[in-house]
Amino acid sequence: MEISAPRGTKDILPDSSSHWQYVERIAREVCRDYGYQEIRTPVFEHTELFLRGIGETTDIVQKEMYTFTDKGGRSITLRPENTAGTVRAYLEHKLYGESQPAKMYYIGPMFRYDKPQAGRFRQFHQFGIEAIGSTGPIVDAEIIMAAVEFFTRLGLKDLNLFINSVGCPRCRPVYRSKIQDALRGSLGEFCEDCRSRFDRNPMRILDCKNEKCQQLSKNAPQLSECLCDECRDHFTGLQTVLTAAGVDYKLNPRLVRGLDYYTKTAFEIQYPPLGAQSAVCGGGRYDGLIEEIGGSPTPAIGYAIGLERVLLALEKQELLPTPDRGIAIFVAAFDDKTRVLAFKLATELRRAGLACEMDYLGRGLKAQLKQANRYPARFVAIIGEEEAAQNKVALKNMLTGEQQLVDAGQLIQKIRAEMED
RNA sequence: GUGGCUGUGGUGAAGUGGUUAACACGCCGGAUUGUGGCUCCGGUAUUCGAGGGUUCGAUCCCCUCCAGUCACCCCA
């Protein structure tokens, strides 16, 4: 093997593509029921969009982007997520002129230059939803419900839904300085990462997995105590709606999203058996993003679901449907001459909507029967010299082993009739 | 980007410093004249991730690289 797929990428081979189709079908069905329509945006965008949209200080932008200069000298980046692209399209095509909120979903590949690991790839696929143009907590609850519904329909159990509010540009700075005040004294005892986070994004310290850091930050003020009235009302409103809808959720005050644009609602759905990469869904409100990208202030909320991780979870719980490779009929030929007749017959059968296969390797009759059995094929139509001479085929029922001579012209009806039984 | 583990045929895997690299599955073919699923028989790795080095000799020892995997970081 000379050339292999690039690091962190995966081929989706024929034996697993049906799994993808299945998951994507469920996603589309949920979206239809919740009133979200598909949007397809380019897989690459101007780098500038992500710099502004995601935030220059984020890990994604600082070290994970696939950025290159195209032949026209433009800086282009393979999309690491699709909220920025969706918002860009929303503005570019003036979708704010249509009925609001704009409810959209997407399914497609994203690219991040990460080190691959369980549930983490350089090219991965997300199913995401964006609702642009509404402030209310009802929309927040709705998109969370859509995610829950998606997992429910797939049959996934043992998922944890965590929600939090990360505040807004009014209350977050207040909280930020409060937390810095609280931790400043013991800063030297924190891990290296946390010390660097102290100035840049002190809220992330609360999210540190390091046990010592967790201990040290245990008594730090919680963001929920510092929310402004508007954010607090929004957050309690969301909880009221979720509770009314019967959703099982947990508050997680340490839940902080990695992207700069999030405001108020942040949430995450985890499937713990996946190990370190247990987040299957992450999202939140991004009321500041649209203005950041050049639109007028517009509230919005969205999330993304990692499909590789969903597939992993489904595999773990044995919830993936086994693909049906069965075909109606296999047409077996005896020699080169009858092979032509077999091809002609196969074409007719296929035209009639019957899944049909034949031999392409010039195999002997015995090997063809073997092959037919592997699919498995319900019937085998054998065309030998004798049959060809009388314009008939030998129709063999592979379940019972019975075989009968049938007029070539009658074959389709005959098969249909037998399949009824 | 950092660290641990791993790297033998299509797959799962034995193995040893020195003639022909087990075995199982799969695949291909065969078991008298044109017929499957069971059984039996045969075939199927000039080669042990790549490149160097040590050695009379390396798949087995050393180094580098690459890849996979898991974890940190971060995230879907």
Side-chain angles (χ1 to χ4, degrees), chain A residues 1-10 13 15 54 57-64 79-83 106-129 147 191-194 196-197 201 204 207-210 255-259 267-271 274-283 302-313 330 332-335 338 359 361-388 394-403:
Chain A
M1 259 288 256
E2 290 261 296
I3 300 178
S4 57
R7 183 149 213 225
T9 67
K10 279 247 189 311
L13 299 173
D15 65 347
I54 298 174
T57 62
T58 60
D59 276 18
I60 291 182
V61 167
Q62 287 195 332
K63 47 189 207 194
E64 294 172 4
R79 62 182 186 192
E81 52 95 314
N82 206 26
T83 297
Y106 57 81
I107 297 175
M110 307 295 155
F111 307 86
R112 288 183 203 173
Y113 193 86
D114 253 350
K115 187 154 174 181
Q117 139 189 8
R120 199 170 74 186
F121 309 94
R122 288 183 175 177
Q123 176 178 139
F124 59 103
H125 297 77
Q126 288 186 331
F127 155 44
I129 280 184
C191 72
E192 204 180 313
D193 287 328
C194 281
S196 79
R197 283 195 270 249
N201 195 349
R204 292 213 68 87
D207 207 27
C208 185
K209 270 85 185 170
N210 187 315
L255 176 63
V256 181
R257 307 262 80 224
L259 286 58
F267 70 97
E268 189 167 300
I269 297 177
Q270 291 185 5
Y271 180 66
L274 287 182
Q277 259 61 42
S278 63
V280 291
C281 171
Y303 65 75
I305 290 173
L307 294 183
E308 278 79 1
R309 292 181 188 178
V310 171
L311 263 327
L312 243 37
F330 185 98
F334 181 61
D335 55 16
T338 47
D359 168 59
L361 301 179
R363 281 191 266 235
L365 188 58
K366 177 187 273 211
Q368 293 182 61
L369 268 293
K370 230 175 200 171
Q371 180 67 26
N373 209 49
R374 259 198 292 263
Y375 279 104
R378 206 35 222 297
F379 298 95
V380 173
I382 302 168
I383 308 178
E385 288 175 303
E386 296 158 26
E387 289 84 358
L395 180 63
K396 178 167 183 143
N397 183 324
M398 295 298 275
L399 295 177
T400 63
E402 290 164 16
Q403 188 169 320

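Letters A, B, ... are given to chains in the order of the sequence lines, protein chains preceding strands, and every chain is numbered from 1.
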Does [X] reach the main-chain N or O of [Y] with its side chain, forming a donor-acceptor pair under 3.5 Å?
X      : Y      : answer
A/R79  : A/P109 : yes
A/R112 : A/P80  : yes
A/R309 : A/G119 : yes
A/Q123 : A/K10  : no
A/E81  : A/M110 : no

Looking for any heavy atom pair under 4.0 Å, which part of the strands does [X] touch: base, sugar-phosphate only, or nothing?
X      : result
A/E308 : nothing
A/G128 : nothing
A/E268 : nothing
A/K370 : sugar-phosphate
A/A332 : nothing
A/A304 : sugar-phosphate
A/F121 : base
A/G364 : nothing
A/Q62  : nothing

*Which sits closer to the 5' end of RNA chain B, A/A394 or A/L274, going by the nucleotide each is nearest to?*
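Nearest-nucleotide comparison on RNA chain B picks A/A394.
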*For A/G384 and A/A367, take the nucleotide of RNA chain B holding the closest heavy atom to each; which residue's nucleotide lies nearer the 5' end?*
A/A367
At their closest point, which heavy atom of [X] faces which heavy atom of [Y], and how far apart are they?
X      : Y      : result
A/I269 : A/A147 : CD1-CB, 3.9 Å
A/L369 : A/K396 : CD1-CD, 4.4 Å
A/I383 : A/T338 : O-CB, 3.4 Å

[atom1] spacing across the pair [N] / [M], given as an integer number of angstrom:
N     : M     : atom1 : answer
B/A31 : B/G37 : P     : 13 Å
B/A13 : B/G29 : C1'   : 26 Å
B/A58 : B/G52 : P     : 12 Å
B/U11 : B/G68 : C1'   : 16 Å
B/G7  : B/C65 : C1'   : 13 Å
B/U69 : B/G53 : P     : 32 Å
B/A21 : B/U16 : P     : 16 Å
B/C61 : B/G3  : C1'   : 25 Å

Provide the Watson-Crick or G-U wobble partner of [N], both distances under 3.5 Å; none if there is no partner.
N     : value
B/C72 : B/G1
B/G12 : B/C23
B/C48 : none
B/C40 : B/G30
B/G7  : B/C66

The side chain of [X] is closest to which nucleotide in this list: [options]?
X      : options             : value
A/R7   : B/A76, B/A67, B/U35 : B/A67
A/R374 : B/G1, B/C28, B/C75  : B/C28
A/E387 : B/C70, B/G34, B/C27 : B/G34

Let's test your reading of the model: under 3.5 Å, does the base of [N] pair with the side chain of [X] as donor and acceptor?
X      : N     : value
A/R309 : B/C75 : yes
A/Q368 : B/G34 : no
A/K366 : B/U35 : no

Measure the distance from [atom1] on [X] to [atom2] on [N] and round it to the nearest whole Å.
X      : N     : atom1 : atom2 : answer
A/K10  : B/U69 : NZ    : C1'   : 10 Å
A/L369 : B/G36 : CG    : C1'   : 5 Å
A/R79  : B/A76 : CZ    : P     : 14 Å
A/N373 : B/G37 : CG    : P     : 7 Å
A/F379 : B/U35 : CZ    : C1'   : 16 Å
A/Q371 : B/G36 : CD    : P     : 15 Å
A/F334 : B/U33 : CZ    : P     : 11 Å
A/E64  : B/C72 : CD    : P     : 15 Å

Look at [X] and [N] and indicate whether a side-chain polar atom (N or O) is within less than 4.0 Å of OP1 or OP2.
X      : N     : value
A/R363 : B/C28 : yes
A/R120 : B/A76 : no
A/Q117 : B/C70 : no
A/R112 : B/C73 : no

*What orientation do A/Y303 and A/F127 show, parallel under 30°, tilted 30 to 60°, or perpendicular over 60°?*
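Judged by the thresholds at 30° and 60°, the geometry between A/Y303 and A/F127 is perpendicular.
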